[in-house]
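Have a look at the structure below before the remarks.
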Amino acid sequence: MDTLTNLQAFLASAEAGGFSAAARKLNVSTSVVSKRVTQLEDQIGIALFRRSTRQLRLTEAGQRYLHRARGVVADASDLLARMGEKDRDLVDHLRIKAPTSLTIARLADAFSAFQTQNPRLKLEIVLIDRPVDPVTEGFDIAIGAFPHAFGGVVDEPLCSLKRLLCASPAYLAAHGVPQHPRELVDHHCLSFLPTGSEWTFDGPRGRTSIQVRPLLSSNEGHVLVKSAIAGNGIALISHYLVDDALRSGTLQALLPDFAIPELWVKAAIPERRVNAAAVQALLQHLRRALSPAL
């Protein structure tokens, strides 16, 4: 138990940026926090902090072990909560990777509601638009729609992600309405950077892939939507981002006979964290918030 207490002191000091602030957080004296951190350093034989009279900074080793230490403390807290039958009172620290556009449009509200329901739960949400290995990069949950797999990681599906091709009536009046994906090479295209400029369609005669030359590329879907509404080109975009524009007629769906393959939004979770009460509760909450599909 001393090791767990020392790890908690290390985490509190790293998060607060000093022993005094960590002591206030843990409701102990500054000397107690400093002693616990020193005991941990002596136990592992590595300095975790660079100490000076003005500041406390993590060493390279401290930075490397911070996320792993957080996971160990979270696992221990989860185990004690389960043994004490306190599953409903979630106490944990979840570090979550999430995509920018989806978070702004849908996940931010879901995260906020979940934390309101679980006020003792700490969330650290990092917006990243690339595949992430949650084990090596220190995440408890990595949300995304990329078809990547990593060792020691469990993929939990959250919902399907529908995409479509669309443009404004003004753009189509000026440049014509494409009847086949191959015609897109002659159009101004607006491309989502994470999925690239090779656009794939499933048509009456099978799958077709087209390499477009984007007029605009962005890793933020709202940028593409604004550009499409302004009449700048044809966007391949997630359906949830353009629902309102399609209903109002501001944007028009294209190529109805050529479906764009669905992606699946999933949560990649390190195996050691997949059964944690807070992780499972958040997964259930997100599935409800994103149901039935985006």
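All figures in this text were calculated on a predicted structure; none of them were measured in a lab.
- Counting heavy-atom neighbours within 6.0 Å of Glu60 CD, excluding the residue itself, gives a total of 12 or less.
- Contact record, Pro119 with Thr116: CD-O, 3.8 Å, taken as the closest heavy-atom pair.
- In this structure, Trp199 and Leu184 have side chains that are in contact, with non-hydrogen atoms separated by less than 4.5 Å.
- Looking at every heavy atom in both residues, Pro134 comes nearest to Ala142 through CB-CB, 4.2 Å.
- Lys226 NZ: 12 or fewer foreign heavy atoms inside a 6.0 Å radius.
- Between Phe258 and His180, the ring-plane angle classifies as perpendicular under the 30° and 60° cut-offs.
- For Arg287 (side chain) and Pro157 (main-chain N/O), a donor-acceptor pair under 3.5 Å exists by modelled atom type.
- Between His175 and Tyr171, the ring planes lie parallel to each other; the angle is under 30°, not in the 30° to 60° tilted range.
- Counting heavy-atom neighbours within 6.0 Å of Arg51 CZ, excluding the residue itself, gives a total above 12.
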Could you go through the side chain to side chain donor-acceptor pair (under 3.5 Å) check for Glu220 and Thr100 one step at a time?
CA-CA 7 Å; Glu220 215 296 287; Thr100 303; over 6 Å; no

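- Aromatic ring pairs are classed by plane angle as parallel below 30°, tilted from 30° to 60° and perpendicular above 60°; the pair Phe19 and Phe49 is perpendicular.
- Ring-plane geometry between His148 and Phe146 is classed as perpendicular, the angle between the planes exceeding 60 degrees on a 0 to 90 degree scale with a lower cut at 30.
- Taking a 6.0 Å sphere around CZ of Arg68, one finds it holds 12 or fewer heavy atoms contributed by other residues, nucleotides or ligands.
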